[in-house]
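To keep things clear, I will list the structure first and then write my remarks on it.
No experiment lies behind these values; they were computed from the predicted model shown. All chains are named by letter (A, B, ...) in the order of the sequence lines, taking the proteins before the strands, and each is independently numbered beginning at 1.
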Amino acid sequence: MASPASASSSSSSSLMWFRKGLRIHDNPALQHAAARACGPLYPVFVIDPRYMEPDRAAPSPGSSRAGVNRIRFLLESLADLDSGLRRLGSRLLVLKGEPGEVLIRCLEEWNVGRLCFEHDTEPYYQALDKRVKDFASAAGIETFSPVSHTLYDPADIIARNGGKPPLSYQSFLKLAGKPSWAASPLSTTLASVPPVGDVGRCEIFEVPTLIELGYNETEQDEGAPFRGGETAALTRMKEALSNKAWVADFEKPKGDPSAFYKPATTVLSPYLKFGCLSSRYFYQCIQDIYKDVKKHTSPPVSLLGQLLWRDFFYTAAFGTPNFDKMKGNRICKQIPWSDDEQLLAAWREARTGYPWIDAIMVQLHKWGWMHHLARHCVACFLTRGDLFVHWEKGRDVFERLLIDSDWAVNNGNWLWLSCSSFFYQYNRIYSPITFGKKYDPNGNYIRHFLPVLKDMPKEYIYEPWKAPLSIQTKAKCVIGRDYPNPVVSHDMASKECRRKLAEAYAVNQRLNGTVSDEDLKSLRRKLEEDQEKELRHTKQRR
DNA sequence: CCTTAAGTTGAGAAT
DNA sequence: AATTCTCAACTTAAG
């Protein structure tokens, strides 16, 4: 790793570039930078205005790329990182602009000899990092870019599988084995960080507040239990892991998606997304608990199994060109999804008329987080279950609004839920009525996030359109006036979706992975004709 | 290529 | 009320 170039370099300063990995503990890039620095160390975070600053044209409060909840979470994380660094004798230098451009200017201005940053497998960072690394190598700057965001190096797993990512969880597990770093305990503390040097002509900012970024709305929904930052991450993890029996018995599919004041899961995902919590440290802590208990659950359902899912999707995403698209994605079924903007808008804006679906979408807007199974319900409903809208549209909404939205995991799950890849049992459709009911028969979750329905009797809370008008009136919620009628009939729509999926699957199989635009177009035409025929038949029968 | 085994988390009925 | 069974039925990844 040590390069002779750096020893002979006239420059002695180092730059630690933070992007994800917003933490002090188990941060190999920071450790390396701190340990090897013989001059000043500049810890940098670059605010990209396109990601952070308000965009009035955006569909909901936030920037063009991120909802305000995730921006808040990121700012909190940065402020916490700054105070962590200050405790160690340093601070966080915030700069603004296009990250690649800004970083290269810093490297020049500060005469940096060593650049450290966490390796990242997302396409955005792959392109950005190549630019920066090319500059660094031409300028004789040593770079150190370790893999520490995930448990494994996706490239390594793919290489061990003959160049292709494993596409089933079980084969991933077999291939992955025990992570190489897990042989010895992680280094989770740092004694000190060398001080920052002269910043020259670079304009340095403090970590901004939302208001300073130009947001008026700074109120966070009461109850949203998530504050950004490493401190909150570690507290939250310790709290979750303090109950060893809970950890040992954890089975994700048995969690209650309607629990909101006390979620059924750890809610560590946003911290893992930004790297406020090291996935490796989390892994180590879980293993320590497993050693202490007689028996524990196993992947895929166990708590450790959840962490492995993340790596599974990171690996699949890294090894699949166009992972975030249907077209040009070799593992994605080609399906003639509809582009009905009105159905999409109804879903996005929580007015499908199905309270269980709409309540989940409200929670997404207000909290930026929902339980995993709740995400399944709305994703299934939008795509293969009811509305037959393209999974990429739903993906975009999640990507914007979730505080934990993570490129690989989010796209992977949309591929999964839409039966486009990984999972193919399109007959198994989440009912927007009965699924939530079995966890929350009284509808407390709906009453909380859709207060317009708070006085609807529990008999009708999942299907308020079935309530007699007298009851609707008494509940002060007349369907069609105070709350919408269902945008589709679930029974009819889901049958229709099943049929369309079956036909699309048949075409994909017949054409064996080479479905052209023309093929898709003619399939779409055929499906529409069939639907019309079917409608005529139903009318005749009546 | 062909065969085989397996698939995180459905719904509804029956016990 | 909670658990287990049955249903109808697939598909694909892996080997």
Sugar-phosphate only, base, or nothing, as touched by Phe422(A) at under 4.0 Å among non-hydrogen atoms: nothing
Side chain of Val301(A) (C-beta onward), nearest among dA11(B), dA13(C), dT8(B): dT8(B)
Whole-Å C1' distance, dG7(B) and dA9(C): 13 Å
From dT11(C), dT12(C), dA11(B), nucleotide with atom closest to Tyr426(A) side chain: dT11(C)
Any Lys438(A) side-chain nitrogen or oxygen under 4.0 Å from OP1 or OP2 of dA11(B): yes
From dT11(C), dA14(C), dA11(B), nucleotide with atom closest to Tyr424(A) side chain: dT11(C)
Any side-chain donor near an acceptor of the partner, Tyr483(A) and Gln472(A), under 3.5 Å: no
For atom CD of Gln170(A) and atom P of dT11(C), their distance in whole Å: 22 Å
Sugar-phosphate only, base, or nothing, as touched by Pro299(A) at under 4.0 Å among non-hydrogen atoms: nothing
Euclidean distance for P, dA13(C) against dC1(B) (whole angstrom): 15 Å
Lys NZ or Arg CZ of Lys333(A) over Tyr505(A) ring: under 6.0 Å, within 45°: yes
Under-4.0 Å salt bridge between Asp340(A) and Lys393(A): no
Proximal nucleotide (of dG10(B), dT8(B), dA13(C)) relative to the Ser168(A) side chain: dA13(C)
Side chain to side chain donor-acceptor pair (under 3.5 Å) evaluation trace for Asp406(A) with Tyr314(A): CA-CA 9 Å; Asp406(A) 182 307; Tyr314(A) 264 87; 2.8 Å; yes
Whole-Å gap separating P (dG10(B)) and CG (Asp386(A)): 16 Å
Length of the CG-P vector between Asn427(A) and dA8(C), whole Å: 12 Å
For dT8(B), the Watson-Crick or wobble partner whose two distances fall under 3.5 Å: none
Value in whole Å for how far the P atom of dT11(C) lies from CD1 of Ile331(A): 18 Å
Sugar-phosphate only, base, or nothing, as touched by Glu251(A) at under 4.0 Å among non-hydrogen atoms: nothing
Gln425(A) side chain near dG10(B) phosphate (N/O to OP1/OP2, under 4.0 Å): no
Residue that, paired with His25(A), satisfies ring-ring contact (aromatic ring centres under 6.0 Å, His included) out of Tyr271(A), Tyr281(A), Phe282(A): Tyr281(A)
Intermediate values then yes/no, side chain to side chain donor-acceptor pair (under 3.5 Å), His149(A) and Arg310(A): CA-CA 10 Å; His149(A) 186 62; Arg310(A) 178 170 174 271; 3.0 Å; yes
Test item: side-chain donor near acceptor, Tyr51(A) and Arg70(A), under 3.5 Å: yes
Whole-Å gap separating P (dA1(C)) and CG (Asn442(A)): 13 Å
P spacing across the pair dT8(B) / dG15(C), given as an integer number of angstrom: 15 Å
side-chain N/O Lys174(A) vs dG15(C) OP1/OP2, d < 4.0 Å: yes
Spacing between Glu503(A) atom CD and dC10(C) atom C1', to the nearest angstrom: 16 Å
Shortest side-chain distance from Ser171(A), nucleotide among dT8(B), dA14(C), dT12(C): dA14(C)
Sugar-phosphate only, base, or nothing, as touched by Lys437(A) at under 4.0 Å among non-hydrogen atoms: nothing
Any-strand Watson-Crick or G-U partner of dA9(C), both distances under 3.5 Å: none
Distance, rounded to the nearest Å, where Leu167(A) contributes CG and dG15(C) contributes C1': 15 Å
Nucleotide opposite dG15(C) in a Watson-Crick or G-U pair, distances under 3.5 Å: dC2(B)
N or O in side chain of Tyr169(A) less than 4.0 angstrom from dA13(C) OP1/OP2: no
Integer-rounded Å distance: dG7(B) C1' and Leu415(A) CG: 17 Å
